[in-house]
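These notes are about the structure you will find just below.
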Amino acid sequence: GMSGIDVLKEIKKDQAKTEVIIVTGHGDVNSAIQALREGAFSYLQKPLDYDELEIESLINVYDLPNENDRNLDFKCKFKKQTSIRNNCKT
């Protein structure tokens, strides 16, 4: 079968702007670095701490570029869901 990194590469090859979060039960520093170099949005290890996931998502959302309407729309929806003060018009 394909590894998570292989799946990431295939997704990025076909849909470069798609954000991919790698969730693994057997990760290490080297695979995390490789995943991020290949374009992963984030790399998390199981068991998943949902508070950590929310914080990680928040950090990454603010780092997304604004040149893309989809990203801007995502930021606004995320801010509303987390009650973060924002300047979104919707």
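Listed by chain and number, the residues in a side chain to side chain contact (heavy atoms under 4.5 Å, CB included) with A40 are L8, I22, A35, L36 (sequence neighbours excluded). Legend: residues meeting salt bridge (Lys or Arg N to Asp or Glu O under 4.0 Å) with K13, ordered by chain and number and at least two apart, are E10.
Closest approach of K12 and T18 over heavy atoms only: NZ-O, 2.6 Å.
For residues 20-29, the pairs satisfying side chain to side chain donor-acceptor pair (under 3.5 Å) are D28-S31, with sequence neighbours left out.
Taking OH from Y43 and CD from E38, the interatomic distance works out to 13.0 Å, rounded to the nearest 0.5 Å.
The main-chain N or O of G27 is found under 3.5 Å from a side-chain atom of Q45 such that the two form a donor-acceptor pair.
I5 belongs to no multi-residue hydrophobic cluster, having no ILVMFWY side-chain contact under 4.5 Å with any other such residue.
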